[in-house]
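Report on the structure given below.
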There are 2 protein chains.
Amino acid sequence: MLRTGDLKLMQELNRSIILNTIRKKGPISRSDIAKLINISPTTVTSAVNELINQRVVYEDGVGSSSGGRKPVLLRFDPNSRYIIGVSISNSFIKISEMNLEGAIIKREVHSTHQYQGNEIINLILTIIEQFITSKDNIDLCEGISIITPGIVDSSKGILSYNSKLKLYNIALKQIVEEKFNIQTHIDNDTNAFVQAENYFGSFSQYKDLLYITIGDGVGSGVMINGKTLRGYKGSAGELGHTTIVRGGLKCECGNEGCLENYVNWPAIYSKIVSSLLTRGKGTFIHDQVKGDLSKITPALFVQALKEGDVLCLRIMDEVVSHLSTSIINTIHLLNPEVIILSGEIIQDNELFLGAIRSKVAQGVIPILKEEVNIQPTSLGADFEMLGAAAVILQEKFQFVFQ
Amino acid sequence: MLRTGDLKLMQELNRSIILNTIRKKGPISRSDIAKLINISPTTVTSAVNELINQRVVYEDGVGSSSGGRKPVLLRFDPNSRYIIGVSISNSFIKISEMNLEGAIIKREVHSTHQYQGNEIINLILTIIEQFITSKDNIDLCEGISIITPGIVDSSKGILSYNSKLKLYNIALKQIVEEKFNIQTHIDNDTNAFVQAENYFGSFSQYKDLLYITIGDGVGSGVMINGKTLRGYKGSAGELGHTTIVRGGLKCECGNEGCLENYVNWPAIYSKIVSSLLTRGKGTFIHDQVKGDLSKITPALFVQALKEGDVLCLRIMDEVVSHLSTSIINTIHLLNPEVIILSGEIIQDNELFLGAIRSKVAQGVIPILKEEVNIQPTSLGADFEMLGAAAVILQEKFQFVFQ
DNA sequence: CATACTTAATAAAGACAGTGGAAAAACTAA
DNA sequence: TTAGTTTTTCCACTGTCTTTATTAAGTATG
């Protein structure tokens with residue numbers, strides 16, 4: 001139900017704004033906060049006192065004077081509390097303790113042992129239990145954040161659908177919360193990644209983002225007006241299952257000509273293999289592989305492109321052509337401020353980015369041409385953990401009314 | 001900039017909630033409002049006093065007693081103020097005075113005289129001037145709302161792009177506000193229609209809507225989380241210019257295989273014509289047209305479908321096939337709660353709706369099949385004016401913090 | 001180095017919106 | 001007529017923000 005206004009709401013709102021100001025603009029003085037957000041210095045003082053009491057903010061020296069008393073500088077303390085992030089993928093369960101800036105304090109990686117269904121759930125619970133039993137400061141845990149591929153209804157905390165792990169309609173949030181008595185959040189992985197790009201990455205100035213990751217499939221996350229788009233039942237963002245070829249390949253999702261069937265590593269891999277078999281003698285990739293197909297990796301593909309391997313360049317053009325169709329469609333439908341690409345074949349691959357940029361620019365409505373902004377991911381190797389952290393921190397630090 | 005919390009914000013918020021409660025739930029007593037929104041009766045009394053002072057709410061008799069004092073019933077007064085709506089299309093400029101429920105009090109329709117560019121702007125200004133000069137209660141005007149096809153940056157009040165009328169980067173909001181000194185809002189027409197479906201129509205319980213209108217082109221509007229999606233520069237919602245046929249027809253937008261080229265009335269019309277020329281003897285539509293091509297109208301097309309005309313049925317199937325590709329893509333990307341179709345060929349056309357529903361159900365990810373909800377527009381003939389009203393009323397009655 | 005001027009932070013007083021309890025108003029039921 | 005109920009309002013109170021000092025801690029300058 002709608003929240004009505006009372007003094008408590010007022011205070012919560014102001015404290016949240018002040019804390020976020022310190023977090024984003026710190027080190028900053030009380031006086032500067034007051035000027036910046038246009039609030040009385042008195043209010044800042046009392047709010048900061050409370051935040052210091054909660055150990056989430058601390059005083060850190062003084063700034064330089066501009067003709068009067070030196071300002072006391074305030075900083076956000078990212079180590080005042082911690083988060084537990086859990087990333088479930090098809091082969092691994094990663095778990096880590098992070099501070100409030102997403103810095104990893106402790107981490108573990110476990111195999112899924114190809115478990116499925118209930119076994120996976122039990123495995124997750126065991127892993128979490130072992131991870132936290134040693135901790136004596138469990139009261140400082142801000143929450144557990146679990147991310148997974150598939151369809152997740154994050155508001156209800158239900159993992160609705162993950163076909164690879166055979167998980168259907170699991171009330172995972174409830175299960176974890178009841179077992180460990182720690183606030184838990186569950187979300188789709190790509191939704192988490194787009195949040196992380198916005199929260200931790202170099203895209204914090206944008207509010208409308210499209211994130212596309214290319215791996216075994218094509219995943220995507222959409223942020224609109226600063227909020228991750230979840231759709232009616234939490235299944236928004238399935239760009240990989242939008243049709244780009246009418247009457248095209250039948251997809252296991254039931255649809256036809258889905259982007260995912262044309263743009264993913266297995267598709268690229270098999271194109272390379274079949275090209276190598278039919279021709280390609282003398283090309284860079286042919287010389288590198290020397291008949292050992294296991295040497296064909298995304299990294300080698302990227303390297304081949306850099307070496308000007310015509311065979312791989314041709315394959316890249318096909319991929320670019322398909323992907324750009326989807327990107328253009330999404331621009332026309334949503335017009336995001338930035339489109340972020342990730343995945344091994346995009347990693348360190350300016351050639352691919354340049355090709356996508358020019359292909360998209362060709363097809364987009366002319367008035368939008370100047371605005372198209374396609375960038376590689378700004379998250380590093382720990383993007384999964386950053387994703388988990390981002391969804392929980394976003395929730396903690398973003399004051400919401402409804 | 002972010003708004004901080006003070007007593008004024010608190011009061012504004014509560015008054016807005018109370019007014020909306022009366023508007024939506026009225027007639028309702030002060031006491032029931034207090035219970036419904038969980039606020040103290042005292043606060044309701046003082047807020048209602050102010051709203052009655054502003055004439056936006058009035059007392060309307062008493063309700064029945066449930067064992068004590070009879071409640072005084074409060075109603076929203078839709079006639080306390082009025083709105084001026086202006087709809088600009090390729091051939092007509094419609095202007096009307098509406099009350100706060102979108103009921104039309106006075107209306108005019110003007111031809112655009114095929115004017116373009118500056119001439120159109122001057123014509124609009126003249127039409128508005130003549131429409132309001134006679135009014136002596138201009139202080140009761142809540143605002144002017146202008147809607148138009150094309151790309152509109154509604155936050156800046158700029159009409160960025162309307163190729164048919166040759167309007168580019170017109171600061172229309174500013175122009176109108178400076179001339180008439182009345183708060184003015186400008187928005188894209190389909191964005192306004194989706195708002196109207198949500199505000200006036202039968203889709204008020206939904207917060208994620210996709211609106212598609214089929215006419216000379218394909219227009220669309222997207223509402224996410226109760227807010228119209230405008231995109232970075234106000235050009236979101238161009239579903240008509242998303243590719244559904246790779247390597248398909250070159251579109252004037254620069255893209256290829258755009259939905260709009262396969263699904264619109266001119267395309268259907270020319271298919272009917274060419275079918276009639278090659279075959280079709282003895283079919284319903286052939287007998288009705290009798291060689292007079294001007295008799296081929298959307299209404300006749302719909303009638304022919306009802307009569308089981310095989311020629312038209314085949315054309316419908318093609319249209320349905322193309323349209324459903326786009327709808328499936330949008331469901332997978334955005335997963336709206338409801339998809340609303342409008343346009344003459346959808347009007348009173350259950351056959352078409354049924355065909356779309358079953359085609360979409362076939363292609364959509366199985367887990368979403370049950371959730372797909374495709375409905376015809378709930379707005380009547382005055383949808384343009386309702387659209388104009390909706391955008392301005394939404395702004396007035398929806399309390400926003402940022 | 002004393003004095004005047006700045007700037008930062010805090011304290012005290014004041015303003016004001018919402019709350020809770022009491023009272024008034026208006027009704028029902030017996 | 002009386003007791004009980006429901007609606008509405010009045011009034012004192014609470015609590016948060018703001019304004020207006022006040023204190024603290026600096027700089028600039030003759």
Side-chain angles (χ1 to χ4, degrees), chain A residues 2-19 21-22 25-53 57-75 399 401, chain B residues 2-19 21-22 25-53 57-75 399 401:
Chain A
L2 218 71
R3 182 170 181 188
T4 51
D6 54 19
L7 292 172
K8 215 65 225 157
L9 176 123
M10 204 160 113
Q11 193 175 54
E12 262 182 58
L13 171 62
N14 286 335
R15 295 228 169 123
S16 158
I17 293 172
I18 289 168
L19 177 55
T21 306
I22 297 172
K25 305 281 167 76
I28 187 172
S29 70
R30 292 167 174 84
S31 167
D32 282 346
I33 295 171
K35 284 172 202 151
L36 193 66
I37 65 176
N38 202 22
I39 202 168
S40 79
T42 319
T43 305
V44 176
T45 291
S46 69
V48 165
N49 282 344
E50 178 56 26
L51 294 170
I52 287 177
N53 251 342
V57 162
Y58 64 100
E59 295 187 338
D60 184 31
V62 291
S64 60
S65 162
S66 57
R69 176 175 171 176
K70 285 181 180 172
V72 177
L73 296 180
L74 301 168
R75 275 183 195 271
F399 187 86
F401 289 91
Chain B
L2 219 67
R3 183 171 178 185
T4 52
D6 54 20
L7 294 172
K8 214 67 221 156
L9 176 123
M10 204 160 115
Q11 192 175 55
E12 262 182 59
L13 171 62
N14 286 336
R15 294 226 171 125
S16 158
I17 293 172
I18 290 168
L19 177 56
T21 307
I22 298 172
K25 304 281 167 77
I28 186 170
S29 70
R30 291 170 176 81
S31 170
D32 282 347
I33 296 171
K35 284 171 202 151
L36 193 66
I37 65 176
N38 200 23
I39 201 168
S40 80
T42 318
T43 305
V44 176
T45 291
S46 70
V48 166
N49 282 344
E50 178 56 27
L51 293 171
I52 288 177
N53 251 343
V57 162
Y58 64 101
E59 296 187 337
D60 185 29
V62 291
S64 61
S65 162
S66 57
R69 175 173 173 176
K70 288 180 177 170
V72 178
L73 296 180
L74 301 168
R75 274 183 194 272
F399 187 87
F401 288 92

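Numbers restart at 1 for each chain; the letters A, B, ... are given by sequence-line order, proteins then strands.
Ranking D:dT7, D:dG26, D:dA24 by closeness to the B:Lys35 side chain, first place goes to D:dT7. The nucleotide whose nearest atom lies closest to any side-chain atom of B:Arg69 is, among D:dC17, C:dA9, C:dA25, C:dA25. For A:Pro71, counting side-chain heavy atoms from C-beta on, the closest listed nucleotide (D:dT16, C:dA12, C:dA8) is C:dA8. The side chain of B:Arg30 lies closest to D:dT9 when the candidates are D:dT9, C:dA17, D:dT16. Each of D:dC11, D:dT19, C:dA24 was ranked by its minimum atom distance to the side chain of A:Ser40; first place goes to D:dT19. Distances were taken from every side-chain heavy atom of B:Ser65 (C-beta onward) to each of D:dT27, C:dT28, C:dT19; the shortest belongs to C:dT28.
Nucleic acid contact class of B:Val62 (heavy atoms, under 4.0 Å, all strands): none. Using a 4.0 Å heavy-atom cutoff across all strands shown, B:Ser29 reaches sugar-phosphate atoms only and no base atom.
Looking only at side-chain heavy atoms (C-beta outward), B:Arg3 and B:Glu12 come within less than 4.5 Å of each other. Residues B:Ile28 and B:Ile22 form a side-chain contact, since some pair of their non-hydrogen atoms from C-beta on lies under 4.5 Å apart. Inter-residue side-chain proximity for B:Glu59 and B:Leu74 is flagged as met; some heavy-atom pair is nearer than 4.5 Å.
Phosphate proximity of D:dT6 to B:Ser66: absent, as no side-chain N or O sits under 4.0 Å from OP1 or OP2. For the OP1/OP2 pair of C:dA9 and a distance below 4.0 Å, the side-chain nitrogens and oxygens of A:Lys70 include no atom meeting the criterion. Contact between the side-chain N/O atoms of B:Asn14 and the OP1/OP2 oxygens of C:dA17 is not found at any separation under 4.0 Å. Distances shown here put a side-chain N or O of A:Thr43 below 4.0 Å from the OP1 or OP2 atom of D:dT18. Contact annotation: A:Lys8 reaches the phosphate of D:dT16 (side-chain N/O to OP1 or OP2, under 4.0 Å). The shortest distance between the side-chain N/O atoms of B:Thr45 and the OP1/OP2 oxygens of D:dT9 is below 4.0 Å.
Between the C1' atom of D:dA24 and the CD atom of A:Glu59 lies a distance of 14 Å, rounded to the nearest Å.
Side-chain atoms of A:Asn14 come within 3.5 Å of backbone N or O of B:Gly5 as a donor-acceptor pair. Without hydrogens or angle criteria, A:Thr45 side chain to A:Pro41 main chain gives a donor-acceptor distance under 3.5 Å.
Comparing B:Glu12 and A:Gly68 against DNA chain C, the residue whose closest nucleotide sits nearer the 5' end is A:Gly68. Comparing A:Leu7 and A:Gly67 by the nucleotide of DNA chain D that holds the closest heavy atom to each, the one mapping nearer the 5' end is A:Leu7.
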